2 protein chains.
Amino acid sequence: MTNKLNKVNLTKSEEDYLKALFQLLIDDGLATVGNNQLAEYMNVAPASANHMVKKLKSKGYVVSEKYGKLELTEEGAAIALKLIRRHRLWETFLCDYLNFTWDEVHEVAEQLEHIKSEKLVDELDRFMDFPEKDPHGEVIPNAKGEYAIVPKVTLSSLEEGMICKLVAVNDGSVSFLKYVSEIGLALSSEIKILEVRAFDNSIRIQYDERSEAVTKKFADNVFVHVINC
Amino acid sequence: MTNKLNKVNLTKSEEDYLKALFQLLIDDGLATVGNNQLAEYMNVAPASANHMVKKLKSKGYVVSEKYGKLELTEEGAAIALKLIRRHRLWETFLCDYLNFTWDEVHEVAEQLEHIKSEKLVDELDRFMDFPEKDPHGEVIPNAKGEYAIVPKVTLSSLEEGMICKLVAVNDGSVSFLKYVSEIGLALSSEIKILEVRAFDNSIRIQYDERSEAVTKKFADNVFVHVINC
DNA sequence: TTAATTTGTTAGTCATAACTAACTTTTTTA
DNA sequence: TAAAAAAGTTAGTTATGACTAACAAATTAA
Ligand SMILES: [Mn+2]
Ligand SMILES: [Mn+2]
Ligand SMILES: [Mn+2]
Ligand SMILES: [Mn+2]
């Protein structure tokens with residue numbers, strides 16, 4: 001009980017760290033995640049992350065041995081998922097109702113996701129008629145934190161001749177999202193891999209009667225469903 | 001220039017203090033406002049308010065002499081008005097689109113008003129087609145901070161026989177708002193003062209074929225337009 | 001298998017924003 | 001007008017969450 005009370009009302013910072021750890025743990029597949037990796041992702045010094053990890057461990061959200069890899073407890077993961085749900089619902093709202101473009105929503109959603117009100121997010125969900133994906137193609141977890149796990153295949157992992165559909169993009173960088181739009185790509189675009197250059201791993205792709213060469217870094221941030229190989 | 005940069009990105013706390021001071025300065029008519037009054041309104045110790053006032057003075061938002069009364073600079077007032085605009089727009093959104101009742105909106109709006117995004121609030125305004133009043137009957141300032149000043153007459157200031165219309169309520173207390181709804185009062189209710197008891201300043205009112213006795217404290221939080229005397 | 005590098009931890013500092021306790025100034029009241 | 005009360009200020013403490021610098025452990029390379 002006192003235990004439980006200790007756990008409510010996390011700070012914005014605590015929430016962001018839990019979300020970051022969750023993203024690192026799932027986005028990088030089954031990768032292990034260390035303190036400095038978390039620090040880099042959060043744009044803070046290693047000491048800062050270390051300090052926060054200690055606190056989150058003491059609160060029962062994170063588990064790790066000294067000098068060991070970081071893991072989330074079930075409770076920690078549940079909080080992260082709630083945050084992701086809120087973040088994606090707000091992004092969807094901003095795009096679909098408030099004329100925001102997909103490169104503008106992330107920063108604002110990063111703030112909105114911390115508003116403390118269960119009713120707010122659930123009513124927002126209902127108001128939008130329970131959308132399934134956010135503007136970047138990511139699945140929105142439902143009120144129970146359930147969500148369909150879509151295996152993430154990056155455009156960069158495909159080989160010459162393969163055809164795929166753009167299903168999601170990484171929303172972390174505004175300049176990346178602008179670039180995607182500017183070269184005429186969007187969610188659901190059908191893309192064919194024309195050529196992969198071994199020299200720099202750049203890729204020439206074809207879509208909508210258009211052909212562009214993109215870097216590996218670019219292709220790493222584009223997620224696709226393979227249609228044909 | 002450096003001066004200007006120093007002034008952007010106020011903390012949530014600084015914003016709340018500026019808003020509180022603004023409310024105290026206008027709501028209490030032409031009253032003077034002191035440090036301890038501000039502290040009480042903000043639910044903090046006098047020392048805490050004093051500390052914040054110092055900071056806001058150094059940033060050019062507040063003016064006062066030592067041991068003297070507090071005033072807002074034009075810039076300080078402009079920030080307060082922006083906050084009030086955001087607060088009231090969010091309250092309106094919560095009520096009109098997300099099924100919140102008027103006693104639920106204030107707490108959430110208190111958080112939402114601090115989200116940093118000009119576009120967010122202006123688009124929200126447009127989405128709702130530029131509402132003029134919030135769910136409690138308060139005027140919403142426009143994007144320039146302009147708003148119609150409606151003289152605030154409290155129900156408690158009226159005399160026997162007077163007839164008035166309920167135009168606004170103080171949204172600070174959830175229990176008060178619940179009480180208002182429960183006895184069947186709402187915005188635009190037409191109220192007649194049946195009797196004012198000198199003993200405790202309680203008032204008997206009539207509205208919608210119904211009669212109730214309310215305390216002075218209750219009547220202090222109900223704002224009206226006098227129709228007939 | 002030692003040395004170098006990377007990774008993680010600890011200690012100490014700073015800013016924000018709260019608190020209490022002690023003090024000073026102003027205002028009120030007797 | 002002098003004492004009491006109220007209002008305002010200052011100093012010192014705490015918690016959060018950053019930082020740097022110094023250090024320890026683990027991993028990788030020579
Ligand atoms: Mn995002
Ligand atoms: Mn965030
Ligand atoms: Mn309100
Ligand atoms: Mn607020």
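The sequence lines fix the lettering, A, B, ..., with proteins before strands; numbering per chain opens at 1. From a predicted model like this one, the values you see are computed outputs, not experimental measurements.
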Taking atom [atom2] of [N] as reference, at what distance in whole Å does atom [atom1] of [X] sit?
X: B/Q37; N: D/dG8; atom1: CD; atom2: P; result: 8 Å
X: A/N50; N: C/dA11; atom1: CG; atom2: P; result: 11 Å
X: B/K54; N: D/dG8; atom1: NZ; atom2: C1'; result: 11 Å
X: B/L56; N: C/dA17; atom1: CG; atom2: C1'; result: 12 Å
X: B/K57; N: D/dG8; atom1: NZ; atom2: C1'; result: 11 Å
X: A/Y67; N: C/dT6; atom1: OH; atom2: P; result: 17 Å
X: B/K59; N: C/dT16; atom1: NZ; atom2: P; result: 7 Å
X: A/E65; N: C/dT7; atom1: CD; atom2: C1'; result: 16 Å

Nearest of [options] to any side-chain atom of [X]?
X: B/N35; options: C/dG8, C/dA18, D/dT9; result: D/dT9
X: A/K66; options: C/dT9, C/dA17, C/dA18; result: C/dT9
X: A/V44; options: D/dA7, C/dT25, D/dA18; result: D/dA18
X: B/A45; options: D/dT10, C/dC19, D/dA25; result: C/dC19
X: B/K55; options: C/dT7, C/dA17, D/dG8; result: C/dA17
X: A/S13; options: D/dA18, C/dA17, D/dA26; result: D/dA18
X: B/T11; options: C/dA17, C/dT7, D/dT9; result: C/dA17
X: B/S48; options: D/dT9, C/dA18, C/dT9; result: C/dA18

Look only at the side chain of [X] and the backbone of [Y], and say whether a donor-acceptor pair between them is shorter than 3.5 Å.
X: A/Q111; Y: B/K116; value: yes
X: B/D103; Y: B/K178; value: no
X: B/E160; Y: B/V196; value: yes

Taking 4.0 Å as the cut-off, does a side-chain nitrogen or oxygen of B/Y17 come that near to OP1 or OP2 on C/dT16?
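Checking C/dT16 against B/Y17, no side-chain N or O comes under 4.0 Å of OP1 or OP2.
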Can you find a side chain N or O atom of B/K69 that sits less than 4.0 Å from OP1 or OP2 on D/dG8?
yes
5′-ward residue of the pair A/N43/B/H51 relative to DNA chain D
B/H51
Show your working on ring-ring contact (aromatic ring centres under 6.0 Å, His included) between B/H106 and B/H136 and close with a plain yes or no.
CA-CA 10 Å; B/H106 183 76; B/H136 310 106; 7.2 Å; no
Categorize A/K12 for me: base, sugar-phosphate, or nothing, with a 4.0 angstrom heavy-atom threshold over every strand shown.
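No contact at all - A/K12 keeps every heavy atom at 4.0 Å or more from the nucleic acid.
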What is the nucleic acid contact for B/A47, judged by heavy atoms within less than 4.0 Å: base, sugar-phosphate only, or nothing?
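Base, at least one base atom sits under 4.0 Å.
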Crowded around B/H114 NE2? As in, over 12 foreign heavy atoms under 6.0 Å?
yes
Walk me through whether A/T92 and A/D134 qualify under side chain to side chain donor-acceptor pair (under 3.5 Å).
CA-CA 5 Å; A/T92 306; A/D134 82 5; 5.9 Å; no
